[in-house]
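Throughout, protein chains are lettered first and strands after them, A, B, ... in sequence-line order, and every chain is numbered starting at 1.
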Number of protein chains: 4
Amino acid sequence: MSPNQPTDDLRVRRTRKLLRDALVSLMAERGFEAITVQDLAERAMINRATFYRHYRDKADLLERCMDDVFAELEASLAPPPPVLGRPAWPLLADNLTLLFEHVAAYAPLYHLLLGERGAGAFVARARAALAAAGARRWEAMRPALADPLAPPEMTLGFIASAVLGALTWWLEAGQPTDPATAARHLLTLITVGPYRALGMPVA
Amino acid sequence: MSPNQPTDDLRVRRTRKLLRDALVSLMAERGFEAITVQDLAERAMINRATFYRHYRDKADLLERCMDDVFAELEASLAPPPPVLGRPAWPLLADNLTLLFEHVAAYAPLYHLLLGERGAGAFVARARAALAAAGARRWEAMRPALADPLAPPEMTLGFIASAVLGALTWWLEAGQPTDPATAARHLLTLITVGPYRALGMPVA
Amino acid sequence: MSPNQPTDDLRVRRTRKLLRDALVSLMAERGFEAITVQDLAERAMINRATFYRHYRDKADLLERCMDDVFAELEASLAPPPPVLGRPAWPLLADNLTLLFEHVAAYAPLYHLLLGERGAGAFVARARAALAAAGARRWEAMRPALADPLAPPEMTLGFIASAVLGALTWWLEAGQPTDPATAARHLLTLITVGPYRALGMPVA
Amino acid sequence: MSPNQPTDDLRVRRTRKLLRDALVSLMAERGFEAITVQDLAERAMINRATFYRHYRDKADLLERCMDDVFAELEASLAPPPPVLGRPAWPLLADNLTLLFEHVAAYAPLYHLLLGERGAGAFVARARAALAAAGARRWEAMRPALADPLAPPEMTLGFIASAVLGALTWWLEAGQPTDPATAARHLLTLITVGPYRALGMPVA
DNA sequence: ACGTAAGCGAGACGGTACGTCGCGTCTTACC
DNA sequence: GGTAAGACGCGACGTACCGTCTCGCTTACGT
């Protein structure tokens with residue numbers, strides 16, 4: 001198998017596109033786990049053996065789809081560290097908006113992957129990626145920060161999951177607000193905290 | 001099959017216990033997806049057909065394990081709403097401590113279910129349960145609260161996922177702090193917000 | 001198991017009778033092979049474990065039914081050898097009539113056992129019994145007989161199967177003639193031969 | 001499954017041959033009923049699942065074996081009716097010889113199928129085929145024949161079973177005579193009748 | 001433009017696991 | 001002691017997918 005080596009052979013590109021489309025359309029119908037390679041081949045109107053010429057298994061196919069999507073996201077985000085000692089707010093706000101816009105662009109896919117019948121591995125991966133990105137940015141700002149009020153790793157895990165949770169709600173609610181507004185809400189949750197965001201008095 | 005109807009037949013109770021233990025021990029070794037019914041039967045030293053006399057499939061077994069665990073958790077938590085108009089802090093703090101203690105009591109199981117190779121469905125279920133519990137408590141306090149700064153449903157999804165994220169970190173880090181301390185940190189994250197908890201200036 | 005030891009316990013006799021009736025009624029519906037012990041127990045309205053207290057398996061049950069039936073047949077037939085050197089005709093005719101009458105008495109059972117979905121082992125056993133009975137009678141008359149025109153064992157196998165064939169036809173055709181007439185026809189087939197019985201010229 | 005459609009795929013033909021050989025060899029050891037599909041697969045050195053790609057179950061396999069064998073027999077026999085009004089003797093004699101030769105060619109198979117542990121369904125099918133063949137030939141000659149001495153259908157059932165009985169004896173006795181001689185004896189039994197063939201006086 | 005190497009369809013095959021069924025044994029409790 | 005109820009070990013069933021493997025066809029590419 002020559003997995004992701006890009007080819008300009010039309011037949012190959014056609015086959016891969018058909019398979020990725022088939023994956024999304026089938027995940028919408030029955031979730032990732034319930035899909036079989038035979039299903040994918042039928043939907044893509046290719047032979048089952050041909051599938052194996054391009055992907056190791058269905059998880060491999062999913063992963064390559066995500067590779068593409070994540071690469072695109074990473075490319076669109078602003079570079080990590082701003083000037084030291086300055087609040088990272090505006091940058092974070094921008095990046096959150098970009099995140100929501102990216103997710104909106106691939107809404108069907110993300111909706112499926114994050115939802116009930118999504119792929120558990122995907123969520124774990126996305127969570128790890130978010131935590132890592134957060135860690136990188138936090139490390140860069142560290143010298144200029146006050147003492148943390150909770151273990152930073154815990155906070156990073158907290159944020160990463162929380163962002164995914166907010167995204168999940170946003171997708172499952174049918175994107176009730178535009179990406180910029182949703183990003184602003186999320187930023188509020190991160191900065192003032194969810195408790196106060198609910199209207200609770202905080203001491 | 002009469003799934004979870006409690007029986008006083010000793011053989012039945014023995015068989016079910018053996019199977020639940022086998023599930024946990026096998027999940028620790030290779031994760032949920034990689035387990036087969038034959039594996040479970042072998043580990044539990046029962047016949048494979050006997051497995052099907054008690055559970056529909058391995059997902060059913062997992063679910064019933066979780067039913068028991070969740071029921072115990074729910075029983076240990078304090079009842080939802082305190083007196084209106086008073087800060088719910090102390091209660092929330094207590095409940096978070098109880099939550100961490102409960103998770104610590106079943107640490108191996110929760111560690112597996114929340115981790116990389118855990119069962120996606122479990123996380124979704126836990127998240128929904130947390131969000132629902134949060135919603136119930138929030139509804140009760142609603143009249144006494146200020147205007148929310150973000151859509152409350154979004155906030156609830158945010159919190160539910162965030163709590164799981166914090167728990168996940170705590171378990172994967174090997175429970176570096178005792179439950180009460182971890183609960184206090186989590187409470188901080190929820191109240192002052194993760195951003196400030198990292199030491200960031202918030203303007 | 002205490003197989004065929006006759007009991008005067010009413011419950012036991014009732015159970016056995018119910019099982020034998022169930023066997024016949026189920027064989028009529030789906031043939032012997034397709035019956036399960038569970039079927040027998042349900043139809044007889046007894047517990048499955050009780051079946052095993054009386055019979056080893058369904059073949060055992062069938063065999064014991066046949067034992068009874070064959071014992072009754074054997075008792076009704078005339079004793080083997082007549083006076084030497086005299087044609088055995090009249091005796092044979094009588095015995096064939098008794099045979100048809102016996103079969104008519106148990107028509108449903110014989111019909112099933114000899115038919116398409118019958119029990120192969122039963123046919124083999126009946127054939128062997130007929131051949132043995134024929135052999136006994138032939139041995140007794142042997143000194144008084146002319147030289148055989150074909151190997152006697154072949155002839156005995158021929159007759160045994162042929163009689164079963166005639167009985168099978170008679171039962172499947174719905175007993176179109178009374179037992180005495182059918183016996184006379186069968187005697188004709190045995191004595192003048194089936195070829196001439198069809199009206200064929202024999203040289 | 002496309003059961004017996006002839007294929008030119010070598011692998012397919014090899015698999016089917018292996019299975020048919022395995023069937024015969026296993027039937028010789030324990031009879032048809034006691035064989036499992038796993039046994040067949042092991043003996044044929046194929047995977048069990050592959051069995052099901054070719055045959056519905058073991059009965060299907062047996063049936064297709066018989067199809068082949070019967071088709072060959074039918075092809076070798078002379079066409080039904082000669083000139084009307086002439087004794088059918090010579091033709092019948094020829095066909096009986098061909099029958100014995102055919103059976104001799106597949107002696108192991110026929111021996112098993114007709115014997116104690118054979119397949120009841122096979123005997124029923126063979127009996128019906130013989131009766132049908134006899135009926136066809138008799139219908140063709142009917143106008144030229146004298147009145148029958150017994151119901152012709154009874155006679156045909158009688159002959160069909162009788163021929164199988166003679167064949168069974170011949171095979172179980174280890175083919176003590178050559179096919180031509182055995183056929184001559186069988187012809188005698190059919191024409192002069194088994195009674196006289198035993199040396200009995202017939203009036 | 002066209003020959004040729006590749007991608008591809010078709011499908012047999014060895015495997016592994018599935019969920020079901022029926023067997024015969026057994027334990028427990030009832031009568 | 002016969003019976004009902006039913007758990008259990010066992011083993012076979014027929015099915016579903018897996019990933020691998022020919023075997024020809026056809027199709028897009030490279031010279």
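Look at CZ on A:Arg53: it is 13 Å from P on F:dT22, rounded to the nearest Å. Taking atom CZ on C:Arg56 and atom C1' on E:dC23, their separation rounds to 14 Å, with Å as the unit. Between A:Arg16 atom CZ and E:dC8 atom C1' the separation is 14 Å, expressed in whole Å. Rounded to whole Å, the distance from CG on B:Asp60 to C1' on E:dC18 is 15 Å. The distance between atom OH of B:Tyr52 and atom P of F:dG11, rounded to the nearest whole Å, is 17 Å.
Partners of A:Arg127 according to the side-chain hydrogen bond (donor to acceptor under 3.5 Å, both in side chains) rule, which considers only residues two or more places apart in sequence or in another chain, are A:Ser161.
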Check: Nucleotide by nucleotide, 5' to 3', does protein get under 4.0 Å of the base (B), only the sugar-phosphate (S), or neither (-) in nucleotides 24-31 of chain F, counting heavy atoms?
Finding: ---BSS--
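Salt bridge annotation for D:Asp39-D:Lys58: absent, with no cationic side-chain nitrogen under 4.0 angstrom from a carboxylate oxygen. Taking the charged nitrogens against the carboxylate oxygens, A:Glu63 and A:Arg56 have no contact shorter than 4.0 Å, which rules out a salt bridge. Of the charged side-chain nitrogens involved, none lies within less than 4.0 Å of a carboxylate oxygen, so that D:Asp9 and D:Arg13 do not count as a salt-bridged pair. Note on D:Arg64 versus D:Asp68: no salt bridge recorded, every NZ/NE/NH1/NH2 to OD/OE distance being 4.0 Å or above.
C:Tyr110 and C:Tyr106 have perpendicular rings, their planes meeting at more than 60° on a 0 to 90° scale where under 30° would count as parallel.
The CD atom of D:Glu172 sits 8.0 Å away from atom CG of D:Leu114, with the distance rounded to the nearest 0.5 Å.
Side-chain N/O atoms of D:Thr15 include one lying less than 4.0 angstrom from OP1 or OP2 on E:dC13. At F:dC8, one or more side-chain N or O atoms of B:His54 fall inside 4.0 Å of OP1 or OP2 (strictly under the cut-off).
Taking only side-chain atoms of D:Asp57, from C-beta outward, the nucleotide of E:dG24, F:dG14, F:dT20 with the closest atom is F:dG14.
Sorted by residue number, the members of residues 29-51 of chain A with any non-hydrogen atom under 4.0 Å from DNA chain F read A:Thr36, A:Val37, A:Gln38, A:Arg48, A:Ala49.
Side chains of B:Phe51 and B:Leu61 form a contact here, defined as non-hydrogen atoms less than 4.5 Å apart.
In C:Arg14, the CZ atom is not crowded: 12 or fewer heavy atoms of neighbouring residues, nucleotides or ligands sit closer than 6.0 Å.
Nearest-nucleotide positions on DNA chain E for B:Lys58 and D:Arg14 put D:Arg14 closer to the 5' end.
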